[in-house]
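Notes to accompany the following structure.
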Amino acid sequence: MMDKFLEAAIEEAQKGLDEGGIPIGSVLVIDGKIVGRGHNQRVQKGSAILHAEMDCLENAGRLSAADYRNATLYSTLSPCDMCSGAILLYGIPKLVIGENQTFRGPEAYVKSRGVDVEVLNDSKCRELMEAFIEKNPELWNEDIGV
């Protein structure tokens, strides 16, 4: 049975793909409730920083430090350095990653800073990214800074 929060992140990833963007989605969960949703919008908005996790945090709005300390961030893909930095900056204690085979961010560093990192190795997340990368290698390389 799929985790309902990962499922919501996958819905965000699909939304991004449907909009012509990169299929990565994220949700922020506090006390069993989604308080923010987002997807990669670098293409759609011509943004340098709107990765899924950044879009999700932006859409969650201003939260208190206590809220962040009770949050879990779900992402369909292992977060990059920028997004991992935001997790650390706001003190989000738990990160759930759909998959990290197509890209692996600084998970070991995030763990070393006290974040509980769980990788689900979800085949749907992986297949979505593999298909996108195969069809759009230049766009993918731009997104990850290659």
Side-chain angles (χ1 to χ4, degrees), residues 1-61 63 68 70-146:
M1 187 165 102
M2 180 176 280
D3 181 300
K4 68 180 180 180
F5 300 124
L6 180 62
E7 195 169 313
I10 292 171
E11 289 169 10
E12 286 293 321
Q14 186 63 52
K15 186 186 292 186
L17 183 62
D18 293 346
E19 294 171 351
I22 299 165
I24 304 168
S26 183
V27 296
L28 185 67
V29 177
I30 299 173
D31 296 328
K33 180 181 173 200
I34 295 174
V35 298
R37 303 173 72 100
H39 54 278
N40 188 303
Q41 295 202 58
R42 291 187 69 248
V43 173
Q44 300 91 310
K45 293 191 175 182
S47 172
I49 62 167
L50 278 182
H51 283 187
E53 300 87 350
M54 302 300 278
D55 187 46
C56 174
L57 292 170
E58 178 70 14
N59 291 333
L63 299 172
Y68 287 118
N70 289 314
T72 299
L73 184 70
Y74 285 75
S75 182
T76 58
L77 184 65
S78 182
C80 72
D81 289 326
M82 175 178 64
C83 298
S84 294
I87 292 164
L88 296 174
L89 176 68
Y90 292 110
I92 298 170
K94 182 160 185 173
L95 170 63
V96 179
I97 299 169
E99 68 99 356
N100 65 0
Q101 300 303 302
T102 58
F103 176 82
R104 183 169 299 169
E107 294 171 22
Y109 178 68
V110 172
K111 285 180 187 178
S112 79
R113 295 283 306 274
V115 177
D116 177 13
V117 177
E118 181 179 355
V119 180
L120 300 179
N121 292 315
D122 182 78
S123 61
K124 189 169 185 178
C125 293
R126 187 178 58 257
E127 290 163 8
L128 193 60
M129 284 309 303
E130 287 173 346
F132 177 82
I133 292 167
E134 184 177 324
K135 291 178 186 171
N136 304 280
E138 289 179 16
L139 183 55
W140 172 241
N141 288 336
E142 174 192 324
D143 192 64
I144 60 171
V146 175

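Fair warning: this is a prediction, and the values are worked out from it, not measured in the lab.
Looking at every heavy atom in both residues, Leu57 comes nearest to Ala86 through CD1-CB, 3.8 Å. The two atoms that bring Lys33 and Phe5 nearest to each other are N-CZ, 4.5 Å, heavy atoms only. Looking at every heavy atom in both residues, Pro79 comes nearest to Pro106 through O-CD, 3.4 Å. Scanning all heavy atoms of the two residues, the minimum distance from Ile22 to Asn40 falls at O-CB, 3.5 Å.
For Phe103, the CZ atom is densely surrounded, since the number of other residues' heavy atoms within 6.0 Å is greater than 12.
Looking at heavy atoms from C-beta onward, Leu77 lies in side-chain contact with Thr102 at the 4.5 angstrom threshold. Within the 4.5 Å cutoff, the side chain of Glu7 has no heavy atoms near those of the Ile10 side chain. Residues Ile24 and Met129 meet the side-chain proximity criterion, which asks for heavy atoms closer than 4.5 Å. Side-chain contact between Tyr74 and Asp3: present, with at least one pair of heavy atoms (C-beta onward) separated by less than 4.5 Å. Counting heavy atoms from C-beta outward, Asn59 and Arg37 have side chains that stay 4.5 Å or more apart. Within the 4.5 Å cutoff, the side chain of Val115 has no heavy atoms near those of the Ile92 side chain. Leu128 has its side chain within reach of Gln14: a pair of non-hydrogen atoms, C-beta onward, lies under 4.5 Å apart. Side-chain contact between Leu17 and Phe132: present, with at least one pair of heavy atoms (C-beta onward) separated by less than 4.5 Å.
Glu53 and Ser75 are linked by a side-chain donor-acceptor pair at a separation below 3.5 angstrom, with hydrogens and angles left out of the test.
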Applying salt bridge (charged side-chain N to carboxylate O under 4.0 Å, His left out), run through Glu127 and Lys124 and close with a yes or a no.
CA-CA 5 Å; Glu127 290 163 8; Lys124 189 169 185 178; over 6 Å; no

